[in-house]
J.: 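For reference, the structure I am asking about is given below.
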Amino acid sequence: MKNISIRTVASVAIIVLCLSVELFAQTGGSWPQWRGPNRDGISKETGLLKQWPAAGPLLVWKAVGAGRGYSSMAVANGRLFTMGLRADREFVIAFDVATGKEVWATPHGTAYRDSRGDGPRGTPTVDGNNLYALGGNGDLSCLDAKTGRIVWAINVLTKFGGENINWGISESPLVIDEKLLINAGGPGASIVALDKKDGSLIWKSQSDKAGYSSGMPVQIGNTMQVVFFTHRRAVGLDLKDGKLLWEYARPANDTANVATPVVRGNRVFISSDYGTGAGLVEIKADGKAQEVYFTKDMRNHHSSSILIGDYLYGFSSGILTAMRFDTGEVAWRDRSVGKGSLVYADGSLYALSENGVVGLIEATPAGYREKGRFRIEQDSLPTWTHPIIAGGRLYLRDQDTIYAYDVGEKR
């Protein structure tokens, strides 16, 4: 009886462990900021479906209450964080990833209104126990991620003398070590580094108006740089003190520079639409940028390209395009699901069109290979919120509604 009891206990322990692993796969995972852990649109998750059923993957839950707006989502510690407009206030909102139930909602700044859609545009950033959120009118808050309590808050336009841009501040905060970096767009304070603990100023640099893009870190030799795509150019600044190290204006347009720069080693890819194009620059040992090529074959609008291996995958205006990163040579082009945004995980691209069509595409330069598609219900506005992958789930948002789909392989 004693041996049987030990075996029984061992068996139960194994079952509990397996269930715990499965539960984490379903409800865990991490996507702590804009474009994922490394701000590059890439999930490291594996064991995901390579082909979808005809009707699409299983819908685990559907939640309403995200509010109006285009903010994407962040996932950490069993919570999904986003921002939205409810009545006349913007809110930062946390949902439980297991159930889709609201955990907390904290008022955050004044309502941003626009004919192309009201509400916030940026994605919250999770850093340890804190959450950083930037609203459509420049309201920046640090919140306790567990409770939603505001730790500190400022308005970056008011504080640094900037003016709001045509379609509202859309940036997602960048946190590096103790610094919180924002393209505030003020005179002498285009890019600012704040102390993430209290919002106090560490340094300020340049005078460009804000763009719609979000910053990226770049390690060049012993120097950590931050790259921002402002209203008129891309700039590389020394993280330590904000000193301008290089600039590159050719991919900028005078309407909206939106895409996040793509980084590999000492090379940075910068792209915009409105008929403009993209350029690859190489950052030299002296800190200056040298153009490698310029192309009109990858014109990223609101979506950023993703670098997988040697190839970029991105929407060039409305055409999904695969292009060799180092040369600009196009491998293929396809209309796919229609103009949209992308995320990558486990060998596949997940594409969400602004018309609510979702597609699974094999990430290969050999050709366009679609592995399934389905459609979500759509509000009256374009579906411009970018998708994310976390814990074996594909999360989609269209205005007030969030969808969680199980895209993991069944075992």
Side-chain angles (χ1 to χ4, degrees), residues 30-42 71-76 81-83 92 120-128 130-136 138-143 145 151-152 154 156-157 159-160 162 165 169-186 189-206 208 210-220 223-231 233-245 257-264 268-270 283 304 386 388:
S30 178
W31 190 272
Q33 60 180 330
W34 168 243
R35 304 198 79 211
N38 296 315
R39 295 174 81 91
D40 56 8
I42 295 173
S71 294
S72 189
M73 300 150 284
V75 169
F81 304 98
T82 192
M83 303 168 65
V92 183
R121 282 90 162 93
T123 300
T125 298
V126 182
D127 179 64
N130 288 335
L131 183 75
Y132 299 91
L134 180 61
D139 295 294
L140 175 65
S141 295
C142 171
L143 304 95
V151 179
W152 58 262
I154 62 172
V156 298
L157 298 180
K159 185 174 181 65
F160 298 108
I165 47 184
I169 296 294
S170 303
E171 184 181 359
S172 303
L174 171 62
V175 177
I176 306 177
D177 299 328
E178 80 284 1
K179 295 183 178 72
L180 172 66
L181 296 118
I182 296 291
N183 186 189
S190 175
I191 293 96
V192 298
L194 309 177
D195 188 319
K196 69 180 183 182
K197 296 191 302 297
D198 57 13
S200 60
L201 180 67
I202 297 175
W203 56 253
K204 55 185 179 178
S205 182
Q206 309 305 299
D208 307 34
Y212 300 85
S213 178
S214 295
M216 280 291 291
V218 185
Q219 183 73 44
I220 306 294
T223 302
M224 174 62 79
Q225 300 185 15
V226 285
V227 178
F228 281 85
F229 196 13
T230 72
H231 175 73
R233 57 180 175 160
V235 295
L237 306 178
D238 191 322
L239 174 65
K240 179 179 63 178
D241 56 12
K243 177 185 176 182
L244 178 66
L245 301 173
N257 300 319
V258 186
T260 300
V262 178
V263 174
R264 184 174 71 180
V268 183
F269 180 84
I270 302 132
I283 314 304
S304 308
H386 293 199
I388 72 168

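All figures in this text were calculated on a predicted structure; none of them were measured in a lab.
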J.: How long is the gap from CH2 on Trp203 to CD1 on Ile191, to the nearest 0.5 Å?
T.: 7.0 Å
J.: Are Leu180 and Thr125 packed together at the side-chain level, in the sense that at least one heavy-atom pair is separated by less than 4.5 angstrom?
T.: no
J.: Given Gln33 and Val175, is the side chain to side chain contact (heavy atoms under 4.5 Å, CB included) satisfied, shown in steps?
T.: CA-CA 10 Å; Gln33 60 180 330; Val175 177; over 6 Å; no
J.: Run the side-chain hydrogen bond (donor to acceptor under 3.5 Å, both in side chains) test against Ser214 and tell me which residues pass, sequence neighbours left out.
T.: none
J.: Atom CG of Asp139 and atom CD1 of Ile154: how far apart are they, to the nearest 0.5 Å?
T.: 9.5 Å
J.: Nearest 0.5 angstrom please: Ile182 CD1 to Leu134 CG, how far?
T.: 5.0 Å
J.: May I have the step-by-step check of side chain to side chain contact (heavy atoms under 4.5 Å, CB included) for Tyr132 and Val92, ending in yes or no?
T.: CA-CA 10 Å; Tyr132 299 91; Val92 183; over 6 Å; no
J.: Taking all heavy atoms of Ser213 and all of Ala259, pick out the closest pair and write down the distance.
T.: OG-O, 2.9 Å
J.: Do Val258 and Phe229 make a side-chain contact, defined as non-hydrogen atoms from C-beta onward lying under 4.5 Å apart?
T.: no
J.: Would Asn257 and Thr230 count as having a side-chain donor-acceptor pair, cut-off 3.5 Å?
T.: no
J.: Within the 4.5 Å heavy-atom criterion, are Lys196 and Asp127 side-chain neighbours or not?
T.: yes
J.: Of all heavy-atom pairs between Ile42 and Pro37, which one has the smallest distance, and what is that distance?
T.: O-CD, 4.0 Å
J.: For the atom pair CD (Gln225) and CE (Met216), what is the distance rounded to the nearest 0.5 Å?
T.: 12.5 Å
J.: Could you walk me through whether Phe81 and Thr123 satisfy the side chain to side chain contact (heavy atoms under 4.5 Å, CB included) test, starting with their C-alpha distance in whole Å, then the side-chain angles of each, then the deciding distance to 0.1 Å, before giving a yes or no?
T.: CA-CA 8 Å; Phe81 304 98; Thr123 300; over 6 Å; no
J.: Checking Asp40 now: which residues fulfil salt bridge (Lys or Arg N to Asp or Glu O under 4.0 Å) with it, not counting sequence neighbours?
T.: none
J.: State which residues pass side-chain hydrogen bond (donor to acceptor under 3.5 Å, both in side chains) with Asp195; sequence neighbours excluded, sorted by chain then number.
T.: Lys197
J.: How long is the span from the CG atom in Leu174 to the CG atom in Asn183, to the nearest 0.5 Å?
T.: 11.5 Å
J.: Is any side-chain heavy atom of Ile220 less than 4.5 Å from a side-chain heavy atom of Leu245?
T.: no
J.: Given side chains that start at C-beta, do those of Pro124 and Met83 come closer than 4.5 Å, heavy atoms only?
T.: yes
J.: Can you name the residues that form a side-chain hydrogen bond (donor to acceptor under 3.5 Å, both in side chains) with Trp34, not counting sequence neighbours?
T.: Thr260
J.: Tell me whether the count of non-hydrogen atoms from other residues, nucleotides or ligands lying under 6.0 Å of NZ in Lys204 goes above 12.
T.: no
J.: Find the distance between CD (Glu171) and CZ (Phe228) and round it off to the nearest 0.5 Å.
T.: 5.5 Å
J.: State which residues pass side-chain hydrogen bond (donor to acceptor under 3.5 Å, both in side chains) with Ser172; sequence neighbours excluded, sorted by chain then number.
T.: none
J.: Go through Leu239 and Lys179 one step at a time and tell me if the side chain to side chain contact (heavy atoms under 4.5 Å, CB included) criterion holds.
T.: CA-CA 9 Å; Leu239 174 65; Lys179 295 183 178 72; 3.7 Å; yes
J.: Restricting to salt bridge (Lys or Arg N to Asp or Glu O under 4.0 Å), what partner residues turn up for Arg233, sequence neighbours left out?
T.: Asp208, Glu247
